Every structure is written in structure tokens, then in C-alpha cells.
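Read through the structure below, which is laid out as C-alpha cells, and then see the notes.
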Amino acid sequence: MEPVFIDFEASSLAAKSWPIEVGIAWVDSGQVAAEAKLIRPEPSWSMDDWHPASEKVHGIPRSALNEAETAESVAMWLRGKLQGKHVVSDAPEFDQRWLDRLMQSIGGAPDIKLDDFDRAVWWAFSEMDGQIAPGRLHDVYSHLANETTVHRAYDDAAKLARAWLAGIRESKE
């Protein structure tokens with residue numbers, strides 16, 4: 001199953017922080033496709049967990065979230081996109097927390113579990129015909145290292161998908 005890559009931007013890195021943007025990306029017919037949505041905070045999410053340092057990193061002002069889709073709407077959209085998919089994150093310890101918080105806005109226990117990018121890459125690209133295939137791993141991580149992380153969910157999820165695509169292209173040669 002081809003993975004869907006996910007990335008979140010958040011109000012801060014604190015334990016009670018909340019998601020402000022989610023991006024997903026996947027490989028479709030040899031091309032990267034991606035989508036993202038800003039998230040209006042739930043009334044129950046504490047504004048004390050908005051941190052100016054995080055805003056400086058992702059460049060999304062708090063005021064921009066006033067016009068964003070509701071957390072409930074984004075959670076429904078995301079559940080529809082990810083249900084039954086292999087969902088991969090390069091920071092699952094953070095992204096899972098933000099995903100869970102977002103999914104709680106629609107009242108159910110989250111049923112989407114994130115896999116770690118490094119684990120998924122190793123599983124998918126480490127062997128070829130029963131042999132270690134370091135060239136494929138190198139292509140994935142070289143591609144990843146040569147792209148800038150911009151700290152916007154769309155771009156950062158797409159970056160992971162492009163790195164995965166580099167491994168796929170190597171494996172077909």
C-alpha cells in the first residue's frame with residue numbers, strides 16, 4: 001500500500017498545543033499530489049498554548065485562523081482522506097498528538113495511527129531481491145536532505161512524498 005504523508009503545524013510544541021494546519025501528500029501516477037487546510041481552533045483549545053515562537057517558525061498569524069475551516073470540518077475531511085491508508089510522518093510523536101486532538105473534535109476515538117517515516121523507508125527500500133539496497137535508501141535521504149523544510153504543512157508533507165518518489169524511481173531502474 002502506497003503511503004500518505006502527513007504534516008502538522010501547531011500552536012506550540014507544548015503538551016496541550018493544538019493543530020493549526022494539516023497537509024497530506026501522496027504519490028499518484030509518478031507525481032506528487034498534496035492538499036492542506038488551515039484549522040480554526042476549537043473553543044475548548046486554550047489560547048494559552050499559542051506561542052509567538054511557533055508563529056515565527058511557521059509564519060501563520062493567529063488571526064489567519066479566524067477564517068479557516070472549523071476543526072470539525074477539517075477532521076471529517078482528513079478522516080475521509082486517510083481512512084484505511086498507511087499514514088506516515090517524520091515526527092509521529094508530535095503529529096499523532098495533533099491528529100488525535102483534531103479527531104477528538106468529531107467525538108470519536110482516533111482510528112488513524114501514524115507510522116514513522118524512517119521505519120517506513122527502511123521497510124520499503126532497504127532490500128531488493130533479498131539483498132540490502134543502500135542506493136535506494138541513499139536516494140530517499142539525499143533527496144530529503146537537499147530540500148528545505150519550510151514549516152508549512154503542504155510543503156513539508158510534499159517534501160516527504162518527493163523523497164519517497166526518489167526511492168521508487170530508483171527501484172524501477
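Only a predicted model underlies this, so the values are computations on that prediction, with no experimental measurement involved.
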If only side-chain N and O atoms count, and only distance matters, is there a donor-acceptor pair under 3.5 Å linking Gln96 with Asp100? yes
State, without any angle test, whether Glu55 and His51 hold a side-chain donor-acceptor pair at a distance under 3.5 Å. no
Below 30° counts as parallel, above 60° as perpendicular, anything between as tilted: where do the rings of Tyr141 and Phe117 land? perpendicular
Which pairs, with at least one residue in residues 70-99 and sequence neighbours excluded, count as a salt bridge (charged side-chain N to carboxylate O under 4.0 Å, His left out)? Glu35-Lys81
Evaluate the side-chain proximity of [Y] to [X]: yes if any heavy-atom separation is below 4.5 Å, no if none is.
X	Y	result
Met103	Ile106	yes
Arg62	Pro41	yes
Leu38	Val22	no
His58	Ile20	yes
Trp45	Pro19	yes
Leu137	Val121	yes
Leu78	Ile24	yes
Asp115	Val87	no

Carboxylate-amine/guanidinium proximity below 4.0 Å for Glu69 and Arg40: no
With Glu21 as reference, evaluate His151, Lys37, Arg152 under the side-chain hydrogen bond (donor to acceptor under 3.5 Å, both in side chains) test and give the passing residue. Arg152
Under 6.0 Å between ring centres: does that hold for Phe5 and Trp164? yes
